[in-house]
Every structure is written in C-alpha cells, then in structure tokens.
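Small disclaimer: the values here were computed from a predicted structure and weren't measured.
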Amino acid sequence: MDVADDPAERAKGLMFVEDLPTLSGMLFVYEQPQSVSFWMQNTLIPLDMLFASPSGEILAIHENAIPLDTTPIPGGDGIQFVLEINGGLSSRLGIEVGSILQHPSFGLQAILPCGEKSSN
C-alpha cells in the first residue's frame with residue numbers, strides 16, 4: 001500500500017494510475033482530524049474511498065467513485081485517514097461503516113494498533 005502523507009503526495013493521489021492490483025491502495029494521512037473532500041480529476045479507475053477517524057474506525061464509505069468526475073466527494077468531519085481501493089472492493093470484502101482499519105500510521109491511539117517490530 002502506498003502512503004500519501006504530505007501535501008504534494010495527497011494532491012497527486014492515484015491520478016493517472018491505469019491499473020491498481022486487487023489488494024492494493026493508497027492511504028492518505030493527515031496531520032490532524034479534519035473535514036475532507038476528494039474528487040476524481042485525472043483519476044482513471046473507479047475507486048472506493050474509506051474515510052477513517054484517528055483511531056482507524058471507518059466513519060464513511062464512498063463506493064465506485066466515477067473516473068474523471070470533478071464532483072466533490074465529502075468524507076465528513078473528524079477524518080484523519082482516507083484509504084482508496086479499487087471500486088467495489090469494500091463491498092466484496094464486507095467492509096462497512098464501523099469497520100476498523102489497521103496500519104502503522106494510526107499510531108498508539110488506534111483501536112487495533114500494529115505491534116512494534118522486533119529488533120531481531
């Protein structure tokens with residue numbers, strides 16, 4: 001999974017990507033919880049957008065965003081992470097509002113924190 005954790009990476013996102021492997025995606029990381037809105041300008045493939053709280057709880061899902069559409073897709077307030085995956089994948093995997101994401105970017109406040117790496 002690619003991580004977009006600075007303004008330039010977040011602005012580019014998955015623009016111009018022609019193919020995304022099935023279980024791949026891009027995690028957008030913001031410094032603090034906020035109101036976010038996405039669009040599909042220059043995005044060539046349909047995407048599901050999973051909007052998550054600082055703890056990794058999915059607060060909203062937008063399924064099958066339309067490629068190249070410039071209509072804003074609001075994620076709501078209190079969003080610190082957005083995971084973009086292939087369109088329709090969230091339904092196929094049974095992901096829904098209230099599901100929990102796990103990633104090292106969520107830190108110790110995560111509902112399901114990632115374990116520390118062993119030094120061995």
Residues E84, R10: salt bridge by 4.0 Å N-O rule: no
Heavy-atom closest contact (A60 atom, G75 atom, distance): CB-O, 3.7 Å
Distance, nearest 0.5 Å, that separates CG of L101 from CG of L112: 9.5 Å
Any donor-acceptor N or O pair under 3.5 Å, side chains S91, E63: yes
Distance (rounded to the nearest 0.5 Å) between I100 CD1 and I111 CD1: 3.5 Å
Main-chain N/O of D5 paired with E9 side-chain donor or acceptor, under 3.5 Å: yes
Straight-line distance of I61 CD1 to S99 OG, nearest 0.5 Å: 6.5 Å
Co-membership, hydrophobic cluster, residues L93 and M1, 4.5 Å side-chain: yes
Point-to-point distance, once rounded to the nearest 0.5 Å, from CG of N86 to OG of S24: 8.0 Å
Main-chain N/O of G88 paired with D48 side-chain donor or acceptor, under 3.5 Å: yes
Backbone of P46 reached by a side-chain donor or acceptor of N64 within 3.5 Å: no
Connected hydrophobic set around L47, excluding itself, where side chains approach under 4.5 Å: L14, V17, L20, M26, F28, Y30, V36, F38, M40, I45, M49, F51, L59, I73, I79, V82
Interatomic distance, L83 atom CG to L27 atom CG [nearest 0.5 angstrom]: 6.0 Å
Linked hydrophobic residues, L44 as query - side chain contacts closer than 4.5 Å: L68
Separation of I58 CD1 from E96 CD (nearest 0.5 Å): 9.0 Å
Joint cluster assignment, W39 & F81, ILVMFWY side-chain distance < 4.5 Å: no
Minimal non-hydrogen separation, G25 against I85, with atom names: CA-CG2, 4.4 Å
Side-chain heavy-atom pair C114, Q102 within 4.5 angstrom cut-off: yes
Shortest non-hydrogen contact from G107 toward P113: O-CB, 4.0 Å
Greater than 12 external heavy atoms within 6.0 Å of I66's CD1: no
Check: Q32 main-chain N/O paired with Q34 side-chain donor or acceptor under 3.5 Å: yes
